[in-house]
Visitor: 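The following block contains the structure, expressed as structure tokens.
So you know, we letter chains A, B, ... as the sequences are listed, proteins then strands, and number each from 1.
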Amino acid sequence: MIKKDEDPNSHGSGRLKRNMSIKSAVSPFVVLALMVFIWWALCNFNIFPSYALPSPEDVLKSFREEIIAGRLINDIIASLWRVAVGFFLSAGLAIPVGLWLGQNAASRRAFLPMLNFFRFLSPLAWIPFAILWFHIGDKPAIFLIFMAAFFPLVLAIMSAVANIPNIYFRVAHDYNYKGFDLLTKVTFPAVLPQIITSLRVVYGIAWVVIVAAEMVGCQDGLGYGIWEARNGLRLDSAVCYMIVIGILGMCIDRLLIQLTKLPSVRWGYER
Amino acid sequence: MKDNQLTTRLSLENVSHGYGEVPVLQNLNLTVKPGEFVVLVGPSGCGKTTLLNLLSGYLKPQSGSIQRSGIIRTVYQHDGLFPWLTVKENISMGLRLTEDKKQHENELRELIELIHLQGFEDHYPHQLSGGMRQRVELARVIAGDSDILLMDEPFSALDYQTRLRMRQELGRLLEKRPRTVVFVTHDIEEAAQLADRVLVLADRPSYIKRELQITSMRPRNSTDDPVVEATKAILSEFGLQVNENSKKEYISR
């Protein structure tokens, strides 16, 4: 072992490392500042009329308005609730269905075309049905989010299960894992890293769909906020909602990334 | 825990097997005595692994019969450990039938000491070296009441020095906890060092070309005379030994 202060390079390389980490921490903000600057410049040179491209100042102003009026917080809560319900409903159904289809080649063959068919249907296509079936309130939005998230999730989990290396099942047989035990102690942990990855992807889809989903039958929510801003030609408010949607999406993804830090799934990401 | 009275049964009678039209094994007869260490050597693709799969029951033979009794566990070349379980949890798989908590704990501690992995109990397989992982596999298969161990080139993915160490380790473990072993390898020296009996398989379709009993006591060094003699005999069987040696005092056929 080399002691730290005896190593002539340790000090220098430590500083170098620190510099690097400062750089990599700061660089996203540099890009952000650049973006805002370009936006500001576009506004100042009047490339688009001000009603078509609100300036950063206008957006800030509208932020203040929305927060003081309490609408923004209310909309955030409403949207988070709908996405959470739709997301957990689809995950709760898709995980068992995916596990079952992954293990059962015959039913996989039977269901695969149907699952693929629905996967390629845009959730927007379901809007008229959502209104007619679920009328107003949270339900149509939740339904649309569910439809967007369920099919890709089932397909991802199904193929993860179908691709579990056979050796795990042979070992499991040696040690008498059967039935429910086999499912919960071998099959499920073997695909858990992929399930977490798929959940992140599908959560992204669900969050994107919120704008379209809140077009119908809602009186609040971040998506509704954008539609209302459009109707009133208040693009400053629309941009303010867009920023909130983007930032919240990133924050929740950060939360989901925490799942990949569970010690029993690390193997899936470190190979 | 099992006492040392092994009462395993493992035998093949006139077994033939093939894949599609390709015959792999032809009229194989083999009886493995309780507590015996049988090593199968042969060129790659000669059906060694097929033979193990037949013994474990993973494959059904096309013809002939297989008798087995006792709990059979297999050690694979690599990746046999469950990556989502820690060292401790992987070894515990072998103790699934030990219900008494205290006994379970004691057994587990003893096994971890046996493979010298104290301090690594809570590590995951991907955090261990290849040799450590195979040691965990060994602890897992001898845990609890296993009777027969089938080993499919368990050390061939390791570097040479680790492989040498693992041979010693396996010998030591079996001394403490005797098991009936069928061991497949392409490493001739490994075969000579570990086996009570070496079966040399011919190329496809395989049959047992030659049987060598190695009666000298274990543990053995790879440089011990009987081991060297056996190695020479196997090599000459493969046509790789230049001067056919006829010393026979340690090896009976």
Visitor: Less than 3.5 Å apart, any donor N or O on the side chain of B:Tyr58 or A:Asp174 sitting next to an acceptor on the other?
Guide: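 On atom types as modelled, these side chains do not qualify, holding no pair under 3.5 Å.
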Visitor: Tell me if the CZ atom of A:Phe88 is crowded by more than 12 foreign heavy atoms within 6.0 Å.
Guide: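 Not buried by this count: 12 neighbours or fewer within 6.0 Å.
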Visitor: Using the six-membered ring wherever Trp is involved, compare the ring planes of A:Trp267 and B:Trp84 and label them parallel, tilted or perpendicular (cut-offs 30° and 60°).
Guide: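 Judged by the thresholds at 30° and 60°, the geometry between A:Trp267 and B:Trp84 is tilted.
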Visitor: What's the spacing between B:Asp152 CG and A:Arg170 CZ if we round to 0.5 Å?
Guide: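 Output value for this atom pair is 8.0 Å.
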Visitor: Go through the atoms of A:Pro193 and report whether side chain, backbone, both or neither lie under 4.5 Å from a heavy atom of chain B.
Guide: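 Neither part; nothing is under 4.5 Å.
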Visitor: Measure across A:Ile167 and B:His78 and return the closest heavy-atom pair with its distance rounded to 0.1 Å.
Guide: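 Looks like CD1-O, 3.5 Å.
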Visitor: Is the count of non-hydrogen atoms from other residues, nucleotides or ligands lying under 6.0 Å from A:Met114 atom CE greater than 12?
Guide: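 Counting neighbours around CE of A:Met114, more than 12 heavy atoms of other residues, nucleotides or ligands fall under 6.0 Å, so yes.
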Visitor: Nearest heavy-atom pair of B:Asp79 and A:Tyr168: which atoms, and what distance?
Guide: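 Nearest heavy atoms, B:Asp79 then A:Tyr168: O-CE2, 3.7 Å.
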Visitor: Report yes if some heavy atom in the side chain of A:Lys185 is under 4.5 Å from a heavy atom in the side chain of B:Leu85; otherwise report no.
Guide: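 Side-chain contact under 4.5 Å: no.
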Visitor: Taking atom CE as the centre, does A:Met242 end up with more than 12 heavy-atom neighbours from other residues, nucleotides or ligands that are less than 6.0 angstrom away?
Guide: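 Open: at most 12 neighbouring heavy atoms sit under 6.0 Å from CE of A:Met242.
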Visitor: Please confirm whether B:Arg96 makes a cation-pi placement over A:Tyr177, using NZ or CZ under 6.0 Å from the six-membered ring centre and within 45° of the ring normal.
Guide: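 Yes, B:Arg96 sits over the ring of A:Tyr177.
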Visitor: Heavy-atom distance under 4.5 Å between the side chains of A:Arg266 and B:Tyr124, does that happen here?
Guide: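 Contact flag for A:Arg266/B:Tyr124 side chains = no.
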Visitor: Using a 6.0 Å cut-off, check whether atom CD of B:Gln161 has over 12 heavy atoms from anything other than its own residue.
Guide: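 For B:Gln161, atom CD is not crowded (no more than 12 foreign heavy atoms under 6.0 Å).
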Visitor: Within a 6.0 Å radius of atom CZ on B:Arg165, are there more than 12 heavy atoms belonging to other residues, nucleotides or ligands?
Guide: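 Result for CZ/B:Arg165: open.
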Visitor: Mind checking the OG-OH spacing from B:Ser146 to A:Tyr175? Nearest 0.5 Å is all I need.
Guide: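 Interatomic distance, B:Ser146 OG to A:Tyr175 OH, rounded to 0.5 Å: 7.0 Å.
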Visitor: Where on B:Val75 is there a heavy atom nearer than 4.5 Å to chain A: the side chain, the backbone, both, or neither?
Guide: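 Looking at B:Val75, nothing touches chain A.
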Visitor: Would you mind checking which part of B:Thr86 comes under 4.5 Å of any heavy atom in chain A, side chain (CB onward), backbone (N, CA, C, O), both or neither?
Guide: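 For B:Thr86, there is no contact with chain A at all, as no heavy atom is under 4.5 Å.
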Visitor: Tell me, yes or no, whether the heavy-atom count around B:His104 atom NE2, taken from other residues, nucleotides or ligands under 6.0 Å, exceeds 12.
Guide: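 Yes.
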